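Not measured: the values here are computed from a predicted model. A, B, ... follow the sequence lines: proteins, then strands. Residue 1 opens every chain.
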Amino acid sequence: MNTRTIIYVFLIVINISSCAAWPKDPVNDPESNFEVLWQEFSDCYALFDVKGVDWDQVYSDYRPLVSQNSTDEELFAVFISMLTLLNDTHVKISSPFDYFKSGQGYNTDQFFSINVVKNNYLTNPKSTSGDYFTYGYLTPEIGYIHISTMTSGETTAESYEKWVEPIDSILKGFSNTSALVIDVRHNGGGLPANAKYIAGRFTDKERIYNTSYTKNGPGKNDFGPAIVNSFLPGGTYYSNPVVLLTDNNTASAAEDFTLAMNTIPNVIHMGSPTTGILSLALKRELQNGWVYTISVQKILDNNGVCPEGTGILPNAGNIIYNTNAEIEAGIDNQLASAITFLES
Amino acid sequence: MKQKTIVITILLILCIEISAQQHTISVQPGFFINLYKDEVTSPLNHWALSMGVILTYEFESDMNIHKVDISFTMGESRNSITGTKYLYRYVDPDTGDIIEDYYTRTKENMNITLNYTYNRKIFSGSTYSIWPGLQFCYTFNMQFSDFPTFNSYISIGPSLLQKFCFSDKDEIKASIGIPLLSFVVRPPYAGVDDQVLDMAFSNPLLLYTTGKLMTVNKYFSVNANIEYRRKFLPWLEGYIGLQTKYTYIAEPRPKWDYTLDLLPGINFTF
């Protein structure tokens with residue numbers, strides 16, 4: 001055997017290994033893009049039964065609308081039509097020329113203004129850096145904390161983001177109060193870990209708040225094992241009565257927070273129902289450059305109910321809405337009801 | 001008595017080998033090409049071109065070669081739609097106005113590998129020798145995109161090394177390894193679930209509890225390496241190598257991975 005032989009053998013090995021069944025990208029035409037998107041939802045979307053959508057029927061109805069000659073705008077319109085059926089705000093599709101979010105998205109008929117709260121209800125209002133927490137006194141006995149988001153988008157090695165840490169000093173400042181209003185209205189969500197961190201300040205023991213099932217196969221009922229999610233006590237413990245305020249723009253991880261707080265006996269949930277989008281939404285891409293997100297989880301509350309689409313309802317008798325006229329007049333009916341409840 | 005004879009024989013062999021042993025430490029900065037397609041995250045092929053480095057320690061005696069190498073690469077991962085600008089809309093919560101903006105997506109791919117290979121000479125001619133052996137491979141891979149995905153493979157299998165010395169100063173080594181049994185940690189079918197997120201944040205080592213044992217029908221990999229060495233000084237060699245690896249993993253959704261590393265470097269022998 002000589003050098004040449006060794007090199008030949010090596011090159012053959014390289015060629016065999018690199019050519020062995022290497023997959024190509026899917027063809028980039030309208031029909032293939034439709035097939036890839038439909039199939040990915042078929043394999044990974046977790047909520048067909050909750051939404052009452054027959055995805056195979058969707059294929060039958062919408063596939064004929066796409067041809068090789070469909071324009072990008074026409075294909076996007078078909079995607080909008082079929083994804084609208086899911087009524088799921090975590091399902092989104094984005095292209096260079098258009099953007100679509102299934103479900104109701106941001107509800108412009110949910111009236112809330114942090115400025116109304118600060119100007120008309122709070123004594124000496126303060127905010128943390130980034131306005132993640134806005135807080136102050138509603139009365140000398142009742143404190144107020146608004147949480148504007150559940151994420152800052154920062155990358156951290158910890159399970160939670162740094163912006164949540166001031167909650168401990170804020171709660172220490174409220175140690176002289178007899179009750180608190182925790183307001184997550186218009187909180188669009190973020191990281192569940194941040195929600196658990198904050199909720200942990202209001203519990204004296206570990207509490208289970210939901211159970212998640214994630215798709216683990218292409219079958220409609222292929223879900224992984226139940227993952228029981230809980231939150232732990234930590235930091236400054238606040239044990240007095242709490243009213244949790246939500247509205248229809250309380251979404252995603254803010255709904256995890258709502259479920260967590262609802263497990264605590266001294267928490268009363270008031271306001272209006274939450275959005276109802278709790279699943280992890282994972283991004284996928286199409287060969288034509290568009291990206292979309294899929295809800296891959298089914299999440300059940302402690303009663304076995306899936307709040308997707310319906311949202312988490314406040315305690316019976318405590319559903320209250322604000323009107324635009326009230327907010328424009330500087331009145332926050334939901335917050336006023338919470339104060340009345342706590343004073344009584 | 002028989003045991004003593006065996007022990008003495010082994011010690012004698014070791015002494016002979018130690019007298020002829022050679023340690024080599026190599027530093028190989030290189031150019032790494034990684035082509036992959038992971039259907040857990042995307043239907044598209046991705047490629048990452050990156051600079052990296054491989055550190056190698058080799059212990060060679062007349063009959064045995066032990067080789068340990070560790071490599072690290074990290075680079076931007078691209079595909080056919082990289083650079084696309086995406087439109088998105090959101091409502092300003094203060095004003096209620098609908099705001100339109102554009103964003104682009106980036107992806108990063110990180111690989112760390114640790115390999116240990118043991119080869120023993122079974123045939124030796126005047127210039128050519130054959131060294132079959134065993135290879136242990138550890139791979140740690142992370143893809144950073146819209147959500148991070150974690151892959152890790154620990155595998156063991158046979159390897160075959162061939163050496164061709166065509167002068168006192170010049171040598172070519174070629175080797176091939178095929179893992180037969182592998183412990184594979186892959187992201188879940190959908191990409192992420194609550195269990196993986198909890199583990200990743202609380203103790204990433206727990207991710208290894210989600211791994212599976214796989215044989216070649218589900219984890220097939222072949223790696224090959226060819227290198228040319230030229231001795232400049234008794235303690236210094238020049239080196240150029242080409243290293244390639246193909247991997248196919250069937251679960252939870254298929255992943256194909258191919259790497260080609262071009263490695264110039266220097267070896268210090270002592």
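Tested against B/Glu76, the residues B/Asn109, B/Thr82, B/Leu49 include a single side-chain contact (heavy atoms from CB on, under 4.5 Å) partner, B/Thr82.
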| Audit row: A/Phe112, A/His146, ring pair (Phe, Tyr, Trp, His ring centres under 6.0 Å) steps and yes/no | CA-CA 12 Å; A/Phe112 163 77; A/His146 179 257; 5.1 Å; yes
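If you check the side chains of A/Thr250 and A/Glu255, you find no donor sitting under 3.5 Å from an acceptor. Looking only at atom types and distance, the side chain of A/Ser127 has a donor-acceptor partner in the side chain of A/Thr134 under 3.5 Å away. Side-chain contact, B/His46 with B/Lys37: no donor N or O sits under 3.5 Å from an acceptor N or O.
For chain A, no part of B/Asp170 is nearby; none of its heavy atoms comes within less than 4.5 Å. Interface remark: A/Pro225 contributes no atoms to any contact with chain B (heavy atom separation under 4.5 Å). When heavy atoms are compared at a cutoff of 4.5 Å, B/Tyr88 approaches chain A by way of both its backbone and its side chain. Neither the backbone nor the side chain of B/Tyr248 comes within less than 4.5 Å of any heavy atom in chain A. Residue contact with chain A, scored on non-hydrogen atoms closer than 4.5 Å, is absent for B/Val196. Proximity to chain A (any heavy atom under 4.5 Å) is restricted, for B/Tyr36, to the backbone atoms N, CA, C and O. For B/Pro43, the parts sitting under 4.5 Å from any heavy atom of chain A are the backbone and the side chain alike. Residue contact with chain B, scored on non-hydrogen atoms closer than 4.5 Å, involves the backbone of A/Phe97 exclusively. When heavy atoms are compared at a cutoff of 4.5 Å, A/Asp222 does not approach chain B at all. Both the backbone and the side chain of B/Leu35 come within contact range of chain A, with heavy atoms under 4.5 Å apart.
When each of A/Leu286, A/Asp98, A/Val296 is checked for heavy-atom pairs under 4.5 Å with chain B, A/Asp98 comes out on top. In terms of heavy-atom pairs under 4.5 angstrom with chain A, the leader among B/Leu44, B/Thr84, B/Leu87, B/Ile81 is B/Leu87.
For A/Lys92, the side chain to side chain donor-acceptor pair (under 3.5 Å) test picks out no residue, with sequence neighbours left out.
Using a 4.0 Å cut-off between charged nitrogen and carboxylate oxygen, B/Glu227 and B/Lys163 do not count as a salt-bridge pair.
With ring centers used as reference points, B/Tyr86 lies under 6.0 Å from B/Tyr103.
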